[in-house]
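Below, chain A is the first sequence line, B the second, and so on; all start at residue 1.
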Amino acid sequence: MAETRQKGRAACRAGKATLFPVGRDDSGRPDGDVTQLLVRWAGGDNAALDALMPVVYSELRKIADAYLRRERSSHTLQPTALVNEAWLRLVRQDELQFDHRKQFYALAAQMMRRILVDHARALAADKRGGGAARTTLDAELSAGANRTIELLALDEALEQLARVSPRQAQVIELRYFAGLTVEEVGELVGVSAATVSREQKTAEAWLGHTMSGSPD
Amino acid sequence: VGIPLTDERWRRLEALFLAATELAPHERDGFAARETADDPGLASELAGMLAHASDGGARIARAIGGMASAAPPRATGPDTVSARTASSASQY
């Protein structure tokens, strides 16, 4: 899993540059091959994972961009909903088992996090540069700007946590960015649901505390 | 923030935090003070964690769920959605 995470990050960073040629199957899904790639990956074929990552990243990015651009007065983006949407759009569910779904969600969680963080960084850079005048200070301090800062603080705190307890950082990622249940996370990382709950509780408290302590 | 976390420090912090949350609220401060008397850095981390024992999850959900409204300047009703995300994330 650690290797997968490393690869996932690399793929996320490479992002657009490594776009996998996306075909369309009869159902009109962006890429019917995702289903087969998931099956091959589950069977231990790491080349399948390499092919899978850019496709999933690109689809998630597309869905997220559409949400982020759309002016929605009463909705905020829920990463878990976007991951679900990608799952429905990319995969022929009837051909897959529960294990494949968990693997897909684990991969998508890492990517979702990277997409949101990149977006937040771009927003933050936009506000610093581009001749934004002091008169826009009020707007910068709006709830939106604060939440951008919060997300970056969360990302940084998660990195710190991953250095001492990679599994706990992953538990948070799977729960919050992919919406997996405690039981599913337990099966995926190989511990009991009770352990997941306990580790999540500690990680949440530490992250909440650490996010509060970061000035920026 | 504070002293860099190490594996060993994290394990101790986690054990103390979990033990403290098992206690009645009025017993926690005394327990934390006793157990971390030799280590002010640890004491401060533990106090911070206990202070966020019940709202850490909501804060994470808010940070993540707020991104869409960060794109357009006008943000409405994020707390409702965050609260919903938080409650669904803590159902275990």
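- A/Gln168 and B/Trp10 form a side-chain donor-acceptor contact under 3.5 Å, judged by distance and modelled atom types alone.
- Residue A/Leu161 touches chain B through its side chain alone, counting heavy-atom pairs closer than 4.5 Å.
- For B/Asp7, the parts sitting under 4.5 Å from any heavy atom of chain A are the backbone and the side chain alike.
- Heavy-atom pairs under 4.5 Å with chain A peak, among B/Gly48, B/Ala47, B/Gly56, at B/Gly48.
- The residues B/Arg12 and B/Glu35 are annotated as not salt-bridged, no charged nitrogen and carboxylate oxygen being separated by less than 4.0 angstrom.
- For A/Thr202, the parts lying near chain B are the backbone and the side chain together; criterion is any non-hydrogen pair under 4.5 Å.
- Using a 4.0 Å cut-off between charged nitrogen and carboxylate oxygen, A/Glu159 and A/Arg113 count as a salt-bridge pair.
- At a threshold of 4.0 Å, the pair A/Glu59-A/Lys62 counts as salt-bridged, since one of the basic side-chain nitrogens sits closer than that to a carboxylate oxygen.
- Neither the backbone nor the side chain of B/Leu50 comes within contact range of chain A; no heavy atom of the residue lies under 4.5 Å from a heavy atom of that chain.
- Within the 4.5 angstrom heavy-atom criterion, atoms from both the backbone and the side chain of B/Ile60 approach chain A.
- For the atom pair CG of A/Leu152 and CZ of A/Arg121, the computed distance is 6.0 Å after rounding to the nearest 0.5 Å.
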